[in-house]
Amino acid sequence: MVITNGFQSNLFAMTAVVNLYAKCRQVEDAYKMFERMPQRDLVSWNTVVAGFAQNGLARRAVQLVLEMQEAGQKPDSITLVTVLPALADLKALRIGKSVHAYAFRGGFESMTNVGTAMLDMYFKCGAVKNARLVFKGMSSRNVVSWNTMINGYEQNGESEEAFATFLKMLDEGVNPTNVSMMGALHACANLGDLERGRFVHRLLEEKKLGSDVSVMNSLISMYSKCKRVDIAASLFGNLNQKTIVTWNAMILGYAQNGCINEALNVFCEMQSHGIKPDSFTLVSVVTALADLSVTRQAKWIHGLAIRTLMDKNVFVCTALVDTYAKCGAIQTARNLFDMMEERHVITWNAMIDGYGTHGHGKEALDLFDDMQKGSIKPNEITFLSVIAACSHSGLVEEGLYYFESMKENYGLRPSMDHYGAMVDLLGRAGKLDDAWKFIQDMPVKPGITVLGAMLGACKIHKNVELGEKVADELFELDPDEGGYYVLLANMYGSASMWEKVARVRIAMEKKGIKKTPGCSLVELRNEVHTFYSGSTDHPQSKRIYAYLDTLGDEIKAAGYVPDTNSIHDVEEDVKEQLVSSHSERLAIAFGLLNTSRGTTIHIRKNLRVCGDCHEATKYISLVTGREIIVRDLRRFHHFKNGSCSCRDYW
C-alpha cells in the first residue's frame with residue numbers, strides 16, 4: 001500500500017515500515033527497507049539500531065551507530081538508551097565507558113533513562129563500583145533506576161547490598177513494583193534469610209502485588225531456598241494460575257530440600273495437566289535424582305531427554321553428567337561429556353568434581369589442563385573442584401600450585417570454601433603443622449568450614465592437643481552443626497579419653513544438638529530401602545543379621561580384624577556386635593541377599609564411612625566376589641577384590 005500510493009520515498013512512512021519489520025522480528029527485511037531510503041534522519045537511524053539491538057544482534061547494532069556517525073548524524077539520548085543494552089549484552093565495558101564519556105560531554109548523563117541504561121550496562125559488565133557512582137550522581141531516579149540497582153547487585157552476587165537498596169528505596173517513598181519485589185525476594189533466597197523473606201511477603205500482601213504469577217514464583221523459590229519447602233508447597237497448592245515456571249520452581253524447591261519423591265510427584269502431576277516439560281524442568285528433575293544416586297533413574301531421565309529432543313541442551317546434558325557421576329557411573333559421565341557439542345564452565349566443573357569425588361585426581365587434573373587450553377576460563381568453582389580432587393588423591397604439591405595459580409594467573413580471590421579445601425588438603429595428608437600455619441596466615445578470620453576441616457584432620461591423625469586448640473576456636477563461632485561436636489568426641493574416643501567424650505556429649509545435650517544418626521540407602525526393584533545403625537524394623541531384619549554373622553566369620557577367616565577402639569564400657573563381643581550393625585553393613589547385607597551373583601551393590605550413606613566399616617567392606621568384596629560402591633558424605637569408595645579405590649586415603 002505504501003509503494004502503490006507513492007510513499008516509498010517518504011521519510012516518515014518508510015521509517016514506520018522499518019519499525020514495523022523490526023518489531024515483527026524481521027530485522028533483515030527492516031534493514032533492506034532502511035537501505036532503500038533515499039534520505040535518512042536521526043529517527044530512522046535510531047529505529048534500525050533499535051531493531052538489531054532488540055532482536056539480539058548487539059554487534060550489528062553497535063556497528064550501525066558507528067556508521068551513523070560517519071554519515072554525519074550525532075547520537076542523541078534515544079541512541080544511547082538503545083546502544084547501551086547492546087554493549088551490556090556484549091560485555092563491552094571499554095566501549096561502554098566511551099559512550100558514558102560522550103553522554104557526559106553531551107549533557108545526556110543527567111537524563112534518568114540514560115543514567116538507568118548506564119547502570120544496567122555497568123552491572124552486566126561486572127563493574128559494580130562504576131554503577132554505584134553513576135547511581136549516586138543521578139539527579140533524578142525513577143522506580144526503574146532503583147530496580148536496576150537491586151537486580152544489578154543481585155546478579156553480581158551482592159545480595160546484602162541488593163536488599164539494603166530495596167529498603168532505602170522504600171525509605172525514600174518510592175512505590176515498589178513487581179520487579180522490585182522479585183529482586184528483593186531473590187536477595188532473601190540467596191541469603192537464605194527467612195525473616196527478611198517474610199517481611200517482603202507481608203509487604204506484597206499490603207501493596208496487593210501478590211496476584212502476579214511471576215511474584216508468586218519468586219516467593220515459592222525464596223521459601224524453598226530458606227528451607228521452608230512446606231510454605232512453598234502451600235503457596236503452590238493455592239495458586240490457581242500456574243505457568244511452567246511455577247511448576248519448575250516447585251520441582252526444584254523439593255529437589256533442593258532433598259524431597260525426591262515429592263519432586264517426582266509434582267513432575268508427574270505437571271505432565272497429567274498437559275504441560276510439556278522444558279529444559280529447566282528436566283534440569284530440576286535431574287537435580288532431584290542426583291541426590292538419589294540410582295543409575296537406573298539417571299538412565300530413565302536421560303531417555304526422557306532424548307525423547308523430548310532436549311538431550312543436546314547444554315544445561316540438561318551438564319545436569320546428566322553431574323548425575324551419572326553422583327550415581328557412581330563416572331565413565332558414563334565422561335562418555336556423555338565427550339559427546340557434548342557445547343560445554344559451559346559448569347559442564348567442566350561437573351566433570352572435574354565427579355573425577356575428584358571418585359578419587360581420580362590425575363584424571364581431574366588432566367581434564368583441567370584440557371580446559372585451560374580452550375576458550376572457556378575456569379572460575380572459582382573450578383578451582384574449588386580441582387583443589388578438592390587433589391585433596392581426595394593426596395596430590396598436595398599440585399593442590400598448592402593451583403591455589404596460587406588461581407590468584408596469580410586468573411586474578412580470582414579465594415573464598416572461605418577455598419581456604420577450607422586447602423586446610424583439608426594439607427591436614428588429610430598429615431601435614432597438620434602446615435595446615436595450622438596456613439590458617440594463622442589467612443588474610444581473613446577463619447570460618448567454621450576452615451576450622452572444621454582442621455578438626456577433622458586432627459581426628460584422622462589423632463592429634464588431640466592441636467585438636468583441642470582448634471575446637472576452642474571453632475566453638476567460639478557457635479556452629480549449630482552437631483557433626484563438629486561428634487568429630488571432637490570421636491577424636492577423644494580414638495585416644496581412649498572417655499571422660500572428655502562424656503563432657504562433649506553433655507555439652508551437646510545442653511545446647512540441644514543431636515548427633516545425626518547413621519543412615520544408608522540401597523535401591524532394589526524400584527524401591528529404596530533405608531537402614532539405620534542397629535535398626536531391626538526392616539521386614540528382612542532377622543535374615544540380614546543372621547547373614548551378617550555368617551559373613552563376619554568368613555571375613556575374619558580372610559584376615560579381617562574388627563576395630564572396636566571407639567567403643568568402651570562393654571564386653572569385647574558386644575563391641576564387635578555394635579560395629580557390625582552399622583547402617584552400611586545392614587544395607588550391604590540386604591543388597592547381597594536380594595541380588596544375583598555378579599550384581600554390583602550401590603550404597604548411599606549420609607555420613608563419612610567409619611574406619612572399621614571401610615576395612616570390613618574390603619573383605620566383604622573379597623569373599624563374595626562382588627563390587628560394592630559406597631557414596632558417603634564426601635566421596636565414592638569402589639570396593640573390589642579386597643581393595644578400595646581410595647587406597648585407604650579418605
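Residue numbers start at 1 and run along the sequence shown. Quick caveat: nothing in here was measured; it's all calculated off a predicted structure.
Taking all atoms of both residues into account, the shortest heavy-atom contact from G534 to L586 is N-CD1, 4.1 Å. In this structure, E154 and G183 approach most closely via the heavy-atom pair OE1-O, 4.4 Å. Residues I387 and A421 approach most closely at CG2-CB, 3.7 Å, considering heavy atoms. Of all non-hydrogen atoms in L119 and A131, the two that sit nearest each other are CD2-O, 3.1 Å. Nearest approach of V321 to A350, heavy atoms of both residues: CG1-CB, 4.4 Å. Minimum interatomic distance between A162 and A187 (heavy atoms only, all atoms of both residues): CB-CB, 4.1 Å.
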Would N217 and S214 count as a side-chain hydrogen bond (donor to acceptor under 3.5 Å, both in side chains) here? Give the steps. CA-CA 5 Å; N217 295 343; S214 297; 5.0 Å; no
Test log, rule side-chain contact (heavy atoms from CB on, under 4.5 Å), inputs I231 and R198: CA-CA 11 Å; I231 300 175; R198 281 182 159 152; 3.5 Å; yes
For H638 and V630, what are the C-alpha separation, side-chain angles and deciding distance, and is it a side-chain contact (heavy atoms from CB on, under 4.5 Å)? CA-CA 7 Å; H638 292 252; V630 179; over 6 Å; no
Given the rule in the side-chain hydrogen bond (donor to acceptor under 3.5 Å, both in side chains) test, do S145 and T116 qualify, once you have shown the distances and angles that lead to the verdict? CA-CA 5 Å; S145 315; T116 301; 2.8 Å; yes
Mind running side-chain contact (heavy atoms from CB on, under 4.5 Å) on T332 and L336 for me, showing each step along the way? CA-CA 6 Å; T332 308; L336 183 57; 5.7 Å; no
Show, in sequence, the C-alpha distance, side-chain angles and deciding distance for R634 and D632, and conclude whether the salt bridge (Lys or Arg N to Asp or Glu O under 4.0 Å) test is met. CA-CA 6 Å; R634 296 293 303 275; D632 73 3; over 6 Å; no
For E160 and Y153, what are the C-alpha separation, side-chain angles and deciding distance, and is it a side-chain contact (heavy atoms from CB on, under 4.5 Å)? CA-CA 8 Å; E160 280 289 357; Y153 277 130; over 6 Å; no
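Counting heavy atoms from C-beta on, the side chains of I588 and I628 come closer than 4.5 Å. Residues S180 and F166 meet the side-chain proximity criterion, which asks for heavy atoms closer than 4.5 Å. Contact annotation: the side chain of L282 approaches that of I301 to within less than 4.5 Å [non-hydrogen atoms, C-beta and beyond]. Between S415 and E380, the closest side-chain pair of non-hydrogen atoms is not below 4.5 Å. Using a 4.5 Å heavy-atom threshold, the side chains of L412 and H418 count as separate. Side-chain contact check for M371 versus P378: some heavy-atom pair is nearer than 4.5 Å. Between N175 and V143, every side-chain heavy-atom pair lies at or beyond the 4.5 Å cut-off. Inter-residue side-chain proximity for K207 and P176 is flagged as met; some heavy-atom pair is nearer than 4.5 Å.
For the residue pair T148 and D120, no side-chain donor N or O sits within less than 3.5 Å of a side-chain acceptor on the partner. Checking N335 against Q331 by side-chain atom types alone, a donor-acceptor pair falls below 3.5 Å. Side-chain polar atoms of N349 and S385 form no donor-acceptor pair below 3.5 angstrom. No side-chain donor-acceptor contact under 3.5 Å links R334 and Y324. Remark: the H344 side chain and the T347 side chain contain no N/O donor-acceptor pair separated by less than 3.5 Å. The closest side-chain donor-acceptor pair between D278 and N248 falls under 3.5 angstrom.
Judged by the 6.0 Å distance and 45° axis criteria, K242 is positioned over the aromatic ring of F236.
Listed for the S533 side chain is no donor-acceptor partner under 3.5 Å among the backbone atoms of H582. Distance alone, capped at 3.5 Å, places no donor-acceptor pair between the H637 side chain and the R631 backbone. T243 contributes a side-chain N or O that, together with a main-chain N or O of V245, makes up a donor-acceptor pair within less than 3.5 Å. Using a distance-only test at 3.5 Å, with no hydrogens or angles considered, a donor-acceptor pair links the side chain of S393 to the main chain of G359. Judged purely by atom type and a 3.5 angstrom limit, S234 has no side-chain atom pairing as donor or acceptor with the backbone of D230. Side-chain atoms of H358 come within 3.5 Å of backbone N or O of A325 as a donor-acceptor pair. Judged purely by atom type and a 3.5 angstrom limit, D424 has no side-chain atom pairing as donor or acceptor with the backbone of G420. Looking only at distances, a side-chain donor or acceptor of N156 sits under 3.5 Å from a matching main-chain atom of F123. In terms of modelled atom types and a separation under 3.5 Å, the side chain of R635 and the main chain of H392 share a donor-acceptor contact. With hydrogens and angles disregarded, a donor-acceptor distance shorter than 3.5 Å links the side chain of S520 to the backbone of E584.
Distance check, rounded to the nearest 0.5 Å: OH of Y223 to CZ of R228 gives 8.5 Å. Taking SG of C226 as the start and CZ of R196 as the end, the distance is 10.0 Å to the nearest 0.5 Å. Taken from CD in Q297 to CD in E523, the straight-line distance is 6.0 Å, to the nearest 0.5 Å. Atom CD1 of I150 sits about 14.0 Å away from atom CD of E158, to the nearest 0.5 Å. A distance of 6.5 Å separates CG in L425 from SG in C390, rounded to the nearest 0.5 Å. Note that CG of L289 and CZ of F267 are 9.0 Å apart. Values are rounded to the nearest 0.5 Å.
Within a 6.0 Å radius of CD in Q241, other residues, nucleotides and ligands contribute 12 heavy atoms or fewer. The number of heavy-atom neighbours closer than 6.0 Å to CZ of R296, taken from other residues, nucleotides and ligands shown, is above 12. Sparse packing is recorded around CD of E341, with 12 or fewer heavy atoms of other residues, nucleotides or ligands lying under 6.0 Å away.
Ring geometry, W247 versus H273: the interplanar angle falls from 30° to 60°, so the pair is classed tilted.
Applying the ring-ring contact (aromatic ring centres under 6.0 Å, His included) test to pairs two or more places apart or on separate chains, those with a residue in residues 511-538 are H529-H538, H529-F590, F531-H538, F531-F590, H538-F590.
Considering Y410, F403, W348 in turn, Y410 is the only one that fulfils the ring pair (Phe, Tyr, Trp, His ring centres under 6.0 Å) rule with F383.
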Would you list the atom pairs, donor with acceptor, under 3.5 Å between side chains in residues 249-264 and any protein atom, with sequence neighbours excluded?
from	atom 1	to	atom 2	distance (Å)
N257	ND2	S224	O	3.0
N257	ND2	G253	O	2.8

